[in-house]
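Inspection log for the structure reproduced underneath, given as structure tokens.
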Amino acid sequence: MAQEKSMAIPEFLSKAELIKQGAEARVYRAEFLGKPTIVKERFPKRYRHPVLDEKLTHRRTVQEVRSILRCRRAGISAPVVYFVDYTSHCIFLEEIAGSSTVRDHIASTRQSDCSKELGWLAERVGQILAKMHDEDVVHGDLTTSNMLLRHQEDGESELFLIDFGLSYISALPEDKGVDLYVLEKAFLSTHPNTETLFERLLKSYAVASKKSSSVIKKLDEVRLRGRKRSMVG
Ligand code: AMP
């Protein structure tokens with residue numbers, strides 16, 4: 001849209017709908033070049049030294065874009081990156097319209113007593129994470145809020161990964177094991193009594209990933225360390 005091209009980003013964002021105010025970034029919904037768009041704006045943190053803050057913010061923006069592109073190249077569903085502005089630290093992303101977070105989906109399905117239907121979703125999550133780790137992308141903030149489920153007209157659902165702000169590239173099984181450990185902690189605290197469901201997720205990860213045995217071994221080590229730490233504490 002011609003009007004958007006000439007508009008400065010702060011002016012563009014002032015007209016957008018703020019949907020989340022986080023500690024590190026604001027998330028907006030807007031229309032960009034005629035497309036429903038999500039804009040993620042990382043703002044300066046006053047408590048940090050300005051030079052360090054600029055470096056960190058720049059790095060996170062670069063990492064987020066790099067990981068999304070790497071995932072998409074490998075056929076992993078993540079939003080299309082429409083535009084990046086490294087001055088205002090804004091990423092313009094495809095809005096996954098008609099989607100809900102996996103967190104909300106699990107919560108509402110469990111409430112309606114259809115928990116058995118969640119097995120396929122746990123397997124799908126295991127598979128997508130296996131593919132992501134096989135590409136050496138470590139997400140860094142895996143939670144069920146950072147996964148979107150788009151329900152299609154044919155009844156099928158497509159699973160997307162979002163929020164790669166803490167992601168990085170690593171081939172180390174330890175990094176991938178910690179990634180799964182972070183998810184396990186978040187999963188079981190957000191969705192109590194879902195140990196069996198999470199085990200199903202891990203099983204499907206183990207089957208789908210080419211390098212799963214060393215990752216699961218590391219996950220077990222990290223779990224053990226976590227348990228020892230909580231016993232001491
Ligand atoms: P984030 O800070 O990236 O986790 O985004 C915060 C919230 O905005 C998410 O929990 C989603 O509800 C929504 N969101 C983020 N990215 C998208 C997207 N590409 N499409 C649709 N909704 C999104």
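These numbers come from a predicted model, not from an experiment. Just so you know, residue 1 is the first one in the sequence shown, and it goes up from there. One-based numbering, in listed order, for ligands and for the atoms of each.
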Can you produce the list of protein nitrogen or oxygen atoms under 3.5 Å from a nitrogen or oxygen of ligand 1, alongside each distance?
from: ligand 1; atom 1: 2 (O); to: Lys20; atom 2: NZ; distance (Å): 3.2
from: ligand 1; atom 1: 3 (O); to: Lys40; atom 2: NZ; distance (Å): 3.4
from: ligand 1; atom 1: 4 (O); to: Asn146; atom 2: OD1; distance (Å): 3.2
from: ligand 1; atom 1: 4 (O); to: Asp163; atom 2: OD2; distance (Å): 3.0
from: ligand 1; atom 1: 19 (N); to: Glu94; atom 2: O; distance (Å): 2.9
from: ligand 1; atom 1: 20 (N); to: Ile96; atom 2: N; distance (Å): 2.8

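Put simply, the residue from Leu166, Val125, Asp179, Asp163 that forms a side chain to side chain contact (heavy atoms under 4.5 Å, CB included) with Leu142 is Asp179.
Panel note: side chain Glu95, backbone Pro36; no donor-acceptor pair is recorded below 3.5 Å.
Salt bridge Arg124/Glu156: absent, no basic N to carboxylate O contact under 4.0 Å.
Residue pairs meeting the salt bridge (charged side-chain N to carboxylate O under 4.0 Å, His left out) criterion with at least one partner in residues 69-84, sequence neighbours excluded, do not occur; the list is empty.
Within a 6.0 Å radius of NZ in Lys35, no more than 12 heavy atoms belonging to other residues, nucleotides or ligands are found.
Defined by atom type and a distance below 3.5 Å, a donor-acceptor pair is missing between the side-chain atoms of Asn146 and His139.
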